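If you're wondering where the values come from, they're calculated on a predicted model, not measured in any experiment.
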Amino acid sequence: MPFVALFAYYVARPVYRTIKADNSLKAGKQFEEKKDYKSALLAYQQAIRNKPLRPDTWFAASDLLDKLGSPQTVTLLRRVAKLFPSNIE
C-alpha cells in the first residue's frame, strides 16, 4: 500500500497538475476570445498555481494585463524576468 501512495504522489500528481494547467490555459484563451477578461485572468492564475514554472502561462497573464492597461503588468513582468531570464525578449 505505501508503494501505491508514493507512486500517486511522485508520478501521478505532477501529471495531473500538468493536465490541469493545460486545461486552465486553454480555458483562459477561450475566455479571452469571448472578451471575458475576468474569467480569463482567473484561468491563467489557476494555470500558474498548478505549474508555476511554465513561462507560457505567465506570459499569457501578462499579455492580458497589458491589453487591459493594468498597472499590475509591470509587477508581473518583473516577476517573469526573475523566474525566466532566458525567455525575455
Side-chain angles (χ1 to χ4, degrees):
M1 188 64 159
F3 175 74
V4 173
L6 287 173
F7 175 80
Y9 186 79
Y10 288 106
V11 177
R13 186 170 183 234
V15 171
Y16 170 75
R17 290 177 70 108
T18 298
I19 292 170
K20 202 169 174 185
D22 289 344
N23 290 341
S24 295
L25 183 61
K26 186 177 177 183
K29 291 180 181 190
Q30 290 172 346
F31 284 129
E32 212 172 328
E33 288 173 4
K34 295 177 186 176
K35 299 190 187 316
D36 185 359
Y37 299 125
K38 184 176 180 182
S39 296
L41 190 56
L42 289 172
Y44 293 147
Q45 289 171 341
Q46 177 87 23
I48 289 169
R49 242 182 276 129
N50 283 302
K51 292 300 273 187
L53 296 178
R54 273 184 61 176
D56 54 340
T57 57
W58 288 90
F59 286 118
S62 65
D63 287 344
L64 177 59
L65 289 174
D66 187 40
K67 185 188 295 186
L68 298 174
S70 173
Q72 292 177 324
T73 305
V74 175
T75 305
L76 187 60
L77 286 175
R78 284 186 184 145
R79 187 174 298 157
V80 169
K82 285 181 184 177
L83 288 171
F84 313 106
S86 63
N87 290 350
I88 301 300
E89 298 171 357

Residues two or more places apart in sequence or in another chain: which of them pass side-chain contact (heavy atoms from CB on, under 4.5 Å) with Lys26?
Gln30
At what distance, to the nearest 0.5 angstrom, does CG of Leu41 lie from CZ of Phe31?
12.0 Å
Partner residues of Asn23 under the side chain to side chain donor-acceptor pair (under 3.5 Å) criterion, sequence neighbours left out
none
Minimal heavy-atom distance between Arg17 and Lys51, with the atoms involved, is O-CG, 3.8 Å
Remaining members of hydrophobic cluster (4.5 Å side-chain criterion), Val15:
Ile19
Does one hydrophobic cluster hold both Leu68 and Leu76, with members joined at side-chain heavy-atom distances below 4.5 Å?
yes
Between Tyr37 and Leu64, which heavy-atom pair has the shortest distance, and what is it?
CD2-CD1, 3.4 Å
Please tabulate, for the side chains in residues 55-63, all donor-acceptor contacts under 3.5 angstrom to protein atoms that are two or more places apart in sequence or on a different chain.
{"unit_1": "Asp56", "atom_1": "OD1", "unit_2": "Arg54", "atom_2": "NE", "d": "3.2"}
{"unit_1": "Asp56", "atom_1": "OD2", "unit_2": "Arg54", "atom_2": "NH2", "d": "2.9"}
{"unit_1": "Thr57", "atom_1": "OG1", "unit_2": "Arg54", "atom_2": "O", "d": "2.8"}
{"unit_1": "Trp58", "atom_1": "NE1", "unit_2": "Pro52", "atom_2": "O", "d": "2.7"}
{"unit_1": "Ser62", "atom_1": "OG", "unit_2": "Trp58", "atom_2": "O", "d": "3.3"}
{"unit_1": "Ser62", "atom_1": "OG", "unit_2": "Phe59", "atom_2": "O", "d": "3.0"}

Going hydrophobic residue to hydrophobic residue with side-chain gaps under 4.5 angstrom, can you get from Leu25 over to Phe84?
yes
What side chain to side chain donor-acceptor pair (under 3.5 Å) pairs are there with at least one residue in residues 70-82, not counting sequence neighbours?
none
Restricting to salt bridge (Lys or Arg N to Asp or Glu O under 4.0 Å), what partner residues turn up for Lys67, sequence neighbours left out?
Glu32
Can you tell me how far the CG atom of Leu83 sits from the CD1 atom of Ile48, to the nearest 0.5 Å?
9.5 Å
From Tyr44 OH over to Leu65 CG, what is the distance, rounded to the nearest 0.5 angstrom?
10.5 Å
Taking the side chain as every heavy atom from C-beta outward, state whether Gln45 and Leu42 have any atom pair closer than 4.5 Å.
yes
